[in-house]
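Worksheet: one structure, shown below.
Proteins come first, then strands; the chains are lettered A, B, ... in the order of their sequence lines, and each starts at number 1.
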Amino acid sequence: MLTQTLLIINKLGLHARAASKLVKLASSFESHIQVKRKHQEVNAKSIMGVMLLAASKGTEIELIIEGVDEINAMEGLCDLIQNGFGESE
Amino acid sequence: MSLTLHGIGVSRGIAIGKVHIVKHEPVEISEYCLPKQHLDEEILRFEKAHNLAREQLQEIQERLPKESTVDIAGFIDAHLLMLDDSLLSKIPRDLIYKHQCNAEWALQMQCESIVERFEKIDDPYFKARQDDVKQVVTRIQRILRGYPDPSFDLAVTDLAQSIVLADDLSPADTILMRHHGILAFATEYGGTTSHTAILARSLGIPAIVGLHRASPYIQPDELIIVDGTRGVILAEPDECNLHYYKIRQYNDKCSRAALNKIKKSPTITRDGIPITLDINIEFPEDMVAVQRVGGEGIGLYRTEFLFMNRVAPPNEEEHFEAYRKVIQALKGHTVTIRTVDLGSDKQVTDSRYHDGVATNPALGLRAVRLCLKDHKLFKPQLRAILRASAIGKVRMMIPMVCDLQEITQIKHMIQEMRTELRHKSLEFDPAMPIGIMVEVPAMAICIDFLMPEIDFLSIGTNDLIQYTLAIDRNDEAVSYLYNPLHPAVLRLIKMSIDGANKAGKPISMCGEMASDSRYIRLLLGLGLRSFSVNPESYLEIKKIIINSNLRGLTHIANQILQTASQDNINSLLDTINVRIDI
């Protein structure tokens, strides 16, 4: 199992478009992926779950990944979040 | 017996045709208990509906136009992901087994439990995503109940030769609809700036909004008459009505054809004085209407739309993109971009400004005042306008200025931004003209102090009248006092024109007065040589200008300026408008 704490840096936070990207990427891995914010923990493959975190810019989240492709999954998801979901700002 | 229904006419003209009704009616859900042996069948029914909902969304996605200002693709994409989220694909199935209930009820229970969780969120953007959940659930419910889906229906139906009557048309609906051949729009909700109104004006077809509770009186495929000029629908018209409207439709067609003939003529008065005639726009999409009437420059590009229906203010790129679209469509003509005028009748949907609602917003923290207070709101726009000046002829106009200090502050901000842009090697036009709207009487009175500070002026009559006469335009109890012909208003207009002329700087008028055919000759007589008007009034105003003789107009306009009695002013206005020798 891998865990990693990350900061949401893009301007709009995990809004619809960013959440869609996160869910699509998470769903491409076999591993079980959870996103945690404070005491709330949701399935990263559920768009409604991710939106329910209401993670705006500056929010700290934790990724918890367990499964056969956990290393690749962690790398991919960290890249996406740290690059601000490829948004211009 | 024909029936008349009243609404707000938002796009002129007459249409006679069959109705296509679009309803977003709520789906009624009841609970049924099912015997155990039928549960598998019920699950299958749910899965089938679920799959069909996905097919609908995919079909809508395929039909989306490539270029669109609303982020509808992102919106459909999120809906598809929600549909396949186990919260909506798996859990309802479990609920059917657990409660031995029908699919609709299981789905409804699950929807309520998701919505309840969204309700607890404080952030208004994330809280509002429950609407998306509800829309996705409603799509499945409709399929389960066998109701047609309005947006899907709109996307696939051939609407040629029909009048579209809807409770409301969402931005998604208007984008998905095949526009070709639609005769008119009529909706129960919406105002003059609704998507329906804008789309109708760009297509040049009649539209009426605000027809509250009209649909019970109208049957699908019924023949109706839409009078967009007066904001009236006639259902079950008799022979007499039909005859009357067919004649009016014919007359309209003739006068439109006559107006179309002057589309390419230069805007020059009979005595050979060239007049600048520009157009006001509100959205990049309005450029379609501009091109249809043969318009050239944009004398007022309102930018409030960028801030509407969203939580965070738009970023620099969004601004730039909206300006680029218009500049490209202009092919070398000038666009005057007005910095955002929020805070009065156009409230931003940002929770930050909802705290402590101002009792008199027209006199409160709005327009340039709000911009100078909230740089986060203003700076992205300023930078985007500066960058846009590198790709076309751009002028920047500031609304609601009441103090020269405000101009100094903005110039200072622009100076800083120019340095920033140079450091980043981003291009801009260092000579981009900066002007203001004359809306606050103080600016007309101090016109001699103002002129050295700015490059151009545009008179905004709506606010100028409201502030001069202390009349709240939206207060029905006093709106009868709202009078463009009040001597004080006319004198302020005259002072502004003379002041700008003396300084040798351009002055125009972009307020509603300039789009009203009754006042054009008077304004020409007062010395105004530049107008910016609504696209739908453009050709009519142009016709008045090219049929006018300035020499004769000046004399009567001066007489009006010297007249105190409103009755005498009105009769002089009639004289100036009907005399064919001037």
Side-chain angles (χ1 to χ4, degrees), chain A residues 7-61 64-67 76-77 80-81 83-89, chain B residues 57 61 70-92 110-111 113-137 310-321 351 376 379-380 383-384:
Chain A
L7 203 63
I8 300 294
I9 54 160
N10 60 313
K11 198 173 165 192
L12 298 169
L14 280 176
H15 64 113
R17 201 164 255 268
S20 300
K21 284 186 185 170
L22 181 78
V23 171
K24 277 185 189 168
L25 185 62
S27 304
S28 70
F29 298 105
E30 251 179 72
S31 297
H32 186 68
I33 306 173
Q34 292 285 109
V35 192
K36 194 172 163 186
R37 179 194 175 189
K38 287 182 190 158
H39 308 296
Q40 214 179 345
E41 199 175 310
V42 300
N43 180 353
K45 298 178 185 179
S46 155
I47 184 155
M48 283 179 274
V50 172
M51 281 181 176
L52 278 167
L53 289 178
S56 50
K57 184 178 174 177
T59 307
E60 204 169 78
I61 58 159
I64 306 153
I65 308 182
E66 188 166 11
L77 289 168
L80 182 71
I81 296 167
N83 287 328
F85 296 89
E87 287 167 26
S88 53
E89 261 182 71
Chain B
L57 282 170
Q61 201 171 36
V70 196
D71 183 16
I72 185 138
F75 163 89
I76 301 284
D77 204 34
H79 280 201
L80 271 165
L81 286 172
M82 283 185 178
L83 189 73
D84 283 329
D85 191 317
S86 64
L87 289 177
L88 283 184
S89 62
K90 187 176 167 295
I91 293 185
Q110 176 60 1
C111 178
S113 110
I114 299 171
V115 166
E116 203 177 298
R117 289 165 70 188
F118 274 99
E119 251 322 296
K120 288 189 188 131
I121 302 175
D122 289 328
D123 184 307
Y125 171 82
F126 289 104
K127 191 184 198 130
R129 302 284 59 77
Q130 61 177 277
D131 295 339
D132 292 302
V133 178
K134 287 180 194 158
Q135 282 171 25
V136 174
V137 169
R310 57 187 297 155
V311 177
N315 64 30
E316 185 182 325
E317 287 314 311
E318 288 172 85
H319 278 287
F320 183 75
E321 188 51 27
S351 54
K376 266 192 232 147
K379 276 189 169 170
R383 283 174 54 106

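- Heavy atoms closer than 4.5 Å to chain A are found in both the backbone and the side chain of B/Leu81.
- With a 4.5 Å cut-off on non-hydrogen atoms, B/Arg129 touches chain A through its side chain but not through its backbone.
- Residues from residues 22-40 of chain A that place a non-hydrogen atom less than 4.5 Å from a non-hydrogen atom of chain B comprise A/Val23, A/Lys24, given in numerical order.
- The distance from the NE2 atom of B/His79 to the CD1 atom of A/Ile47 is 9.5 Å, given to the nearest 0.5 Å.
- In terms of heavy atoms, B/Phe118 sits closest to B/Phe126 at CD2-O, 3.3 Å.
- Under a 3.5 Å cut-off, the side chain of B/Asp85 and the backbone N or O of A/Met48 do form a donor-acceptor pair.
- Side chain to side chain, B/Asp84 and B/Ser89 fail the donor-acceptor criterion of an N or O pair below 3.5 Å.
- Interface with chain B: from residues 50-61 of chain A, residues A/Met51, A/Leu52, A/Ala54, A/Ala55, A/Ser56 qualify, criterion being any non-hydrogen pair under 4.5 Å.
- The minimum heavy-atom distance between B/Pro314 and B/Pro380, with the atom names listed, is O-CB, 4.1 Å.
- Listed for the B/Gln110 side chain is no donor-acceptor partner under 3.5 Å among the backbone atoms of B/Leu88.
- Across A/Asn10 and A/Gly13, no two heavy atoms sit closer than the pair ND2-O, 3.0 Å.
- For the pair B/Ala384 and B/Glu316, the tightest heavy-atom approach, listed with the atom from each and the gap, is CB-O, 3.6 Å.
- The backbone N or O of B/Asn315 sits less than 3.5 Å from a side-chain atom of B/Glu318, completing a donor-acceptor pair.
- Formation of a donor-acceptor pair under 3.5 Å by the A/Asn83 side chain with backbone atoms of A/Gly86 is not found in this model.
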